[in-house]
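Here is the structure we will look at, set down as structure tokens.
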Amino acid sequence: MNQVNLTGRLTKDIELRYTQSGKAVGNGTIAVGRKFKSENGERESDFINFVMWGKAAENFSNYTHKGSQVGLGGEWQTRNYENNNGQRVYVNELNATSFDLLDPRGATQTQSNLDSVDPFAASGKKQIDISDDALPF
């Protein structure tokens, strides 16, 4: 049975793209801490690449960001391709089919939080009030 479950933090925002047929595909890396410490007493981490497909990839991209603590479930896969130099390259990665958001609620900014932020505050510019009657459409 090929089943993998990992818990860790995203090292960057997921890279979301779409295939020619319109299917979403996301790639990312998760940092997973090891249970033991190194010889110098520091905890080490493994950085594991993953791929996620379809609606799961879109949802994951919408609700996570760099540093988010997540749980990923799926299958380990090895694929290969020939690079521009004609060399065979092997890639090991998690094909994630499920995820859990492990950050406490409110740890990420939601759209309602973003709506309450004044976009002009950082620039020092003031917002101009325009009534709907003044608009040409």
Side-chain angles (χ1 to χ4, degrees):
M1 177 187 290
N2 181 357
Q3 184 176 1
V4 178
N5 292 300
L6 299 172
T7 301
R9 294 198 178 273
L10 294 178
T11 62
K12 60 184 177 182
D13 290 346
I14 189 171
E15 206 176 294
L16 185 65
R17 297 183 313 274
Y18 291 88
T19 64
Q20 290 179 349
S21 64
K23 190 168 188 174
V25 58
N27 295 87
T29 304
I30 184 173
V32 179
R34 294 183 180 176
K35 288 185 176 184
F36 56 89
K37 295 181 181 179
S38 66
E39 291 177 4
N40 58 2
E42 294 180 8
R43 292 223 181 251
E44 294 183 1
S45 296
D46 292 307
F47 297 89
I48 298 172
N49 295 326
F50 66 90
V51 62
M52 191 177 289
W53 294 88
K55 191 67 174 168
E58 292 175 325
N59 289 337
F60 192 77
S61 175
N62 288 334
Y63 294 106
T64 62
H65 55 83
K66 177 182 176 178
S68 292
Q69 187 171 15
V70 296
L72 296 177
E75 298 176 342
W76 193 253
Q77 69 181 16
T78 301
R79 59 185 174 85
N80 64 73
Y81 63 93
E82 193 171 300
N83 67 11
N84 294 336
N85 298 332
Q87 297 173 324
R88 177 79 39 209
V89 177
Y90 291 88
V91 178
N92 294 300
E93 63 193 355
L94 171 65
N95 182 13
T97 55
S98 64
F99 67 89
D100 291 306
L101 305 176
L102 302 177
D103 284 326
R105 287 192 183 267
T108 59
Q109 265 194 332
T110 62
Q111 186 61 42
S112 61
N113 291 36
L114 294 174
D115 291 342
S116 66
V117 175
D118 182 4
F120 298 98
S123 67
K125 297 179 181 176
K126 296 196 181 235
Q127 186 174 356
I128 301 172
D129 288 326
I130 300 176
S131 71
D132 290 344
D133 296 334
L135 297 174
F137 49 89

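Worth knowing before you read on, the calculation uses all heavy atoms, side chains too, and leaves out hydrogens, waters and symmetry mates.
Remark: the backbone N or O of Gly74 is not paired with any side-chain donor or acceptor of Asn95 at under 3.5 angstrom.
Under the side-chain hydrogen bond (donor to acceptor under 3.5 Å, both in side chains) criterion, Asn85 pairs with no residue, sequence neighbours left out. Residues satisfying the side-chain hydrogen bond (donor to acceptor under 3.5 Å, both in side chains) test with Glu15, not counting sequence neighbours, are Arg17.
Taking the ring centroids of Phe60 and Phe50, they lie under the 6.0 Å cut-off.
Put simply, the side chain of Val32 does not reach to within 4.5 Å of the side chain of Phe47, judged on heavy atoms. Counting heavy atoms from C-beta outward, Val51 and Gln77 have side chains that approach closer than 4.5 Å. In this structure the side chain of Leu94 reaches within 4.5 angstrom of the side chain of Leu72, judged on heavy atoms. Side-chain contact check for Tyr63 versus Asp103: every heavy-atom pair is 4.5 Å or farther apart. Val91 has its side chain within reach of Tyr81: a pair of non-hydrogen atoms, C-beta onward, lies under 4.5 Å apart. Counting heavy atoms from C-beta outward, Met52 and Phe99 have side chains that approach closer than 4.5 Å. Two residues are said to be in side-chain contact when any heavy atoms from C-beta on lie closer than 4.5 Å; Thr64 and Val70 meet this criterion.
In this structure, Gly33 and Ser45 approach most closely via the heavy-atom pair CA-OG, 3.8 Å. Between Ala57 and Gly26 the shortest heavy-atom distance is CB-N, 3.8 Å. Minimum heavy-atom separation, Arg43 to Lys35: NH1-O, 2.7 Å.
Atom CG of Asn40 has more than 12 neighbouring heavy atoms from other residues, nucleotides or ligands inside a 6.0 Å radius.
With rounding to the nearest 0.5 angstrom, the NZ atom of Lys12 is 10.5 Å from the NZ atom of Lys66. How far CG of Leu16 is from CG of Asn62: 8.0 Å, rounded to the nearest 0.5 Å. The distance from atom OG of Ser68 to atom CD1 of Ile14, rounded to the nearest 0.5 Å, is 11.0 Å.
Val4 and Leu10 fall within the same hydrophobic cluster, defined by Ile, Leu, Val, Met, Phe, Trp and Tyr side-chain heavy atoms under 4.5 Å apart, directly or through other members.
Looking at Arg79 and Glu93, a side-chain N of the basic residue comes within less than 4.0 Å of a carboxylate O on the acidic one, giving a salt bridge.
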Check against side chain to side chain contact (heavy atoms under 4.5 Å, CB included), Gln69 and Thr7: CA-CA 7 Å; Gln69 187 171 15; Thr7 301; 4.2 Å; yes

Check against side chain to side chain contact (heavy atoms under 4.5 Å, CB included), Asp46 and Arg34: CA-CA 7 Å; Asp46 292 307; Arg34 294 183 180 176; 2.6 Å; yes

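A donor-acceptor pair shorter than 3.5 Å can be found between the side chains of Glu58 and Tyr18.
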